[in-house]
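Both ligands and their constituent atoms are indexed starting at 1 by order of listing. Predicted model, so just to flag it, every value in this text is computed and none were measured.
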Amino acid sequence: MQIDRTPLPGLVVLTPVRHGDSRGFFSESWNRARMAEHGFEIDFVQDNHSLSAQAGTVRGLHYQAPPHAQDKLVRCGRGRLFDVAVDVRRGSPTYGRWWGTELSFENGRQLLVPKGFLHGFMTLEPDTEIVYKCSDYYAPECDGAVLWNDPDIGIDWPQVDAPILSDKDAAAPRLAEFDSPFIWEGAS
Ligand SMILES: Cc1cn([C@H]2C[C@H](O)[C@@H](COP(=O)(O)OP(=O)(O)O[C@H]3O[C@H](C)C(=O)[C@H](O)[C@H]3O)O2)c(=O)[nH]c1=O
């Protein structure tokens, strides 16, 4: 597994090794024991899978608040998407900063999004599927969102004429109105 750090402490890109042969490839997208050797002690308990039919679909910027905050390991099962995380850990030196990368079936990259980050993505092709592991169960009472195109965050989204969003996401509050429940605890 290739581990690449990002400018936001705790947010890393994990790229599994693909063992190719005449049939195609095999890769281990997550191995708890191996990742614990690198300091990533995470027990995932729920796997999610969503399909977005149209390019330009935006889902996010979402979080799940404590006591059900989630670490997420995100990858693209089919198609291409631009995946983004925003640091909202109070006291973090990178509070309010974003970082994003393209995830695709082709590149096999995965984004490990720790608790304390908002997460969102924009699809870049029709019929794009995202699959991700979560370290806590869905808790709708703890589910929340911040506005995807908040100018105070300033995410450099790929250009689309008419992004497709849920009503919930379109009406999400801005970062300035968001009372983050997450605390910076220091990270490598
Ligand atoms: C998240 C979730 C949702 N649902 C149900 C609730 C709704 O009936 C339906 C769609 O939910 P929602 O509109 O919140 O789905 P997304 O907009 O894809 O939200 C997700 O997308 C962003 C990018 C994330 O990182 C989060 O995991 C999650 O918030 O699935 C469940 O049954 N279990 C779940 O874990």
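Atoms of ligand 1 lying under 4.0 Å from any heavy atom of Phe121, numbered from 1 in the order shown and given with element: 23 (C). Every atom of ligand 1 is numbered from 1 in the order shown, and the set under 4.0 Å from a heavy atom of Lys72 is 24 (C), 25 (O), 26 (C), 27 (O). For ligand 1, the atoms sitting less than 4.0 Å from at least one non-hydrogen atom of Lys168 are 14 (O), numbered in the order shown with element in parentheses.
Annotation: atom 19 (O) of ligand 1 to nearest protein heavy atom, His62 ND1, 3.2 Å. Given atom 35 (O) of ligand 1, the protein heavy atom at minimum distance is Gln46 NE2, 3.0 Å. In terms of protein heavy atoms, atom 6 (C) of ligand 1 is closest to Tyr138 OH, 3.5 Å. Protein heavy atom closest to atom 27 (O) of ligand 1, with residue, atom name and distance, is Tyr132 OH, 2.8 Å. The single protein non-hydrogen atom nearest to atom 25 (O) of ligand 1 is His119 ND1, 2.7 Å, given as residue, atom name and distance.
At a heavy-atom distance under 4.0 Å, atoms from both the backbone and the side chain of Arg59 approach ligand 1.
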| task | Give the intermediate values and the outcome of ring pair (Phe, Tyr, Trp, His ring centres under 6.0 Å) for residues Phe44 and Trp30. | result | CA-CA 10 Å; Phe44 292 114; Trp30 175 255; 4.9 Å; yes
| request: Carefully, step by step, assess Tyr95 and Phe182 under the rule ring pair (Phe, Tyr, Trp, His ring centres under 6.0 Å). | output: CA-CA 11 Å; Tyr95 183 89; Phe182 303 106; over 10 Å; no
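Taken from NE2 in His68 to CG in Asp143, the straight-line distance is 12.0 Å, to the nearest 0.5 Å.
Around CZ of Arg34, the count of heavy atoms belonging to other residues, nucleotides or ligands within 6.0 Å does not exceed 12.
No path of Ile, Leu, Val, Met, Phe, Trp and Tyr side chains, each step under 4.5 Å between heavy atoms, connects Phe40 with Leu111, placing them in separate hydrophobic clusters.
A salt bridge does not link Arg109 with Glu102: every distance from a Lys NZ or Arg NE/NH1/NH2 to an Asp or Glu carboxylate oxygen is 4.0 Å or more.
Under 3.5 Å, the side chains of Arg89 and Ser180 contain no donor-acceptor pair of N or O atoms.
In terms of N/O distances under 3.5 Å, ligand 1 is not approached by Ser50.
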